[in-house]
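What follows is one structure encoded as structure tokens, with my remarks underneath.
The analysis underlying the following values was restricted to heavy atoms, covering all of them including side chains, and did not include hydrogens, waters or symmetry mates. Source: prediction; values computed, not measured.
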Amino acid sequence: MSSLIKNTKVRIKKNLHTLYKNIEIKEKRLNYLFLEITRICNLNCLHCGSDCKSVSSSNQLSTESWKKIIDYICVNFSNKVRIVITGGEPLMHQDLCEIGAYISSKKMKWGMVSNGILLDKDKMNNLENAGISSLTLSMDGLEESHNYLRNSRIAFLSILRSIEALGCSNLEFKDVVTCVYSKNLKELDQIAEVLIENKIKSWRLFRIFPSGRAARNKELQLSFDQTQEMISWIASNKKALALKGLNLNLSCEGWIPFETDMTVRDTPFFCRAGISVASILCDGTITGCSNNHESFYRGNIMKDDFKEMWINRFDDFRKRDWIHEKNCNNCDALKQCKGSSIHLWDLGNEQPNFCYYKDLC
């Protein structure tokens, strides 16, 4: 009887989640906007999906252009839209705090994603004075494994300093992500200890997907057994870490069967790219997730009406009719998966860059 009750609860939760997703897709409500204010970066990471460099070859929008974009969002959407500043490395942009303060002046909340190399307590104070409410840092293992992936001898000491600064801050959301690969898979327990010690509240684990530089380095991809090991580790440690104040989740980068999903994520998988999340890249390109392949680019903020595009020209993200022309069309999980995460796809290919369902099942 207990098994029947459990299965019934799972089925109800799955149906409710499907209903919720359908409502979100129909509403077309923009909740999060990612602004890639620079493609310049102070690292040369082995797994970089954007191939960021110390000197950008891309045309980058001016600070005044970013302010006009923020004004546009307030007028045409709402000041309830949350802004997330990305790069490259945002701290390499000389006007980062000016842009952040401008967002705050519009009564909007904003956050940032950083590699932590330049972050210390003084810079954290500057960011807090500019009104930042959330910050995501990347810790990819202990010293050897973190430095290897980040391709830097100073990266580990820098991330320890930045995590300490984040932990001491007054930010609402203190988040660390870890890109899991073969060299750090056995170090997750130790990483967790560092985060708990520094009062970090949120930790997300990613499997590195083959995009950008990572596509040219197969050593960074988890094997079938390693993928299962990561999933099992999250499921086994999620509750215990929560009791210590650290909320652990598998990241949003891929669909997995619902029964497993409930053991590794707070909320079941839902790729919100182009549904409630949009991105504007450093040259003004409009897309869903900032990691999307260029086949999902939808226009440019400097010449196109973003709101009109958001309402009428994001069907590839919402309806996903293209999936029926791909190899996924014959998969028994297609109805629930819908092709998984958009950023795993190049519309010119027949299948995603990787599939959790294929690995796990």
*Any chance you could lay out the side-chain contact (heavy atoms from CB on, under 4.5 Å) test for L35 and L33, step after step, and finish with the verdict?*
CA-CA 6 Å; L35 303 182; L33 179 63; 3.7 Å; yes

*Report yes if some heavy atom in the side chain of L137 is under 4.5 Å from a heavy atom in the side chain of I159; otherwise report no.*
yes

_Taking the side chain as everything from C-beta on, heavy atoms only, tell me whether I99 gets closer than 4.5 Å to I70._
yes

*Could you verify whether a donor N or O on one side chain and an acceptor N or O on the other, from D346 and N353, lie under 3.5 Å apart?*
no

*Do N249 and D266 have side-chain atoms, one donor and one acceptor, less than 3.5 Å apart?*
yes

*side-chain contact (heavy atoms from CB on, under 4.5 Å) between T136 and R204, intermediate numbers included*: CA-CA 10 Å; T136 296; R204 291 175 290 144; 3.7 Å; yes

*Taking atom types as modelled, is there a side-chain donor on T38 or E89 under 3.5 Å from an acceptor on the other?*
no

*Please check if any side-chain donor atom of H343 sits under 3.5 Å from a side-chain acceptor atom of N291, or the reverse.*
no

*Stepwise, does the side-chain hydrogen bond (donor to acceptor under 3.5 Å, both in side chains) test hold for D225 with S223?*
CA-CA 5 Å; D225 290 336; S223 68; 5.4 Å; no

_Any donor-acceptor N/O pair, K121 side chain to A165 backbone, under 3.5 Å_ = no

*Between W345 and W322, how do the two ring planes meet: parallel, tilted or perpendicular, split at 30° and 60°?*
perpendicular

*Quick one: are I286 and F314 in side-chain contact, heavy atoms under 4.5 Å?*
yes

_Which residue is it: C179, C45, C48? I am looking for the one with a side chain to side chain contact (heavy atoms under 4.5 Å, CB included) to L149._
C179

*Regarding T263 and T260, is there a side-chain donor-to-acceptor distance under 3.5 Å anywhere?*
no

*Heavy-atom neighbours of K13 NZ exceed 12 at 6.0 Å*: no

_F317 and F296 aromatic ring geometry - parallel, tilted or perpendicular at 30°/60° bounds_ = tilted

*E64 and K67: salt bridge (Lys or Arg N to Asp or Glu O under 4.0 Å), yes or no, with the steps?*
CA-CA 5 Å; E64 290 307 309; K67 290 180 179 179; 3.7 Å; yes

*Specify whether Y148 and Y181 have parallel, tilted or perpendicular ring planes, treating 30° as the upper limit for parallel and 60° as the lower limit for perpendicular.*
parallel

*Do other residues, nucleotides or ligands put more than 12 heavy atoms under 6.0 Å from E259 CD?*
yes

*asked:* Side chains of S182 and Q226: any donor to acceptor distance under 3.5 Å?
replied: no

*Is there side-chain contact between N329 and I323, with at least one heavy-atom pair below 4.5 Å?*
no

*asked:* We want to know whether T178 and W203 form a side-chain donor-acceptor pair, criterion being a heavy-atom distance below 3.5 angstrom.
replied: yes

_Please tell me whether S138 and D140 have a donor and an acceptor in their side chains that are separated by less than 3.5 angstrom._
no

*Is the closest side-chain heavy-atom distance between D261 and L250 below 4.5 Å?*
no

*asked:* Quick one about R272 and N31 (side-chain donor to acceptor, distance below 3.5 Å, no hydrogens or angles considered), yes or no?
replied: no

*asked:* Parallel, tilted or perpendicular: which one describes the rings of Y72 and F306, with boundaries at 30° and 60°?
replied: tilted

_Between N247 and S202, do the side chains contain a donor N or O and an acceptor N or O under 3.5 Å apart?_
no

*Hey, do the aromatic rings of W255 and Y357 have their centres closer than 6.0 Å?*
yes

*asked:* Within the 4.5 Å heavy-atom criterion, are N217 and H47 side-chain neighbours or not?
replied: no

*Kindly indicate whether the side chain of F270, heavy atoms from C-beta on, has any atom under 4.5 Å from the side chain of H17.*
yes

*Got I163 and M139 here, is their nearest side-chain heavy-atom distance under 4.5 Å?*
yes

_S145/N184 under side-chain hydrogen bond (donor to acceptor under 3.5 Å, both in side chains): CA gap, chis, key distance, verdict_ = CA-CA 6 Å; S145 53; N184 65 17; 5.3 Å; no

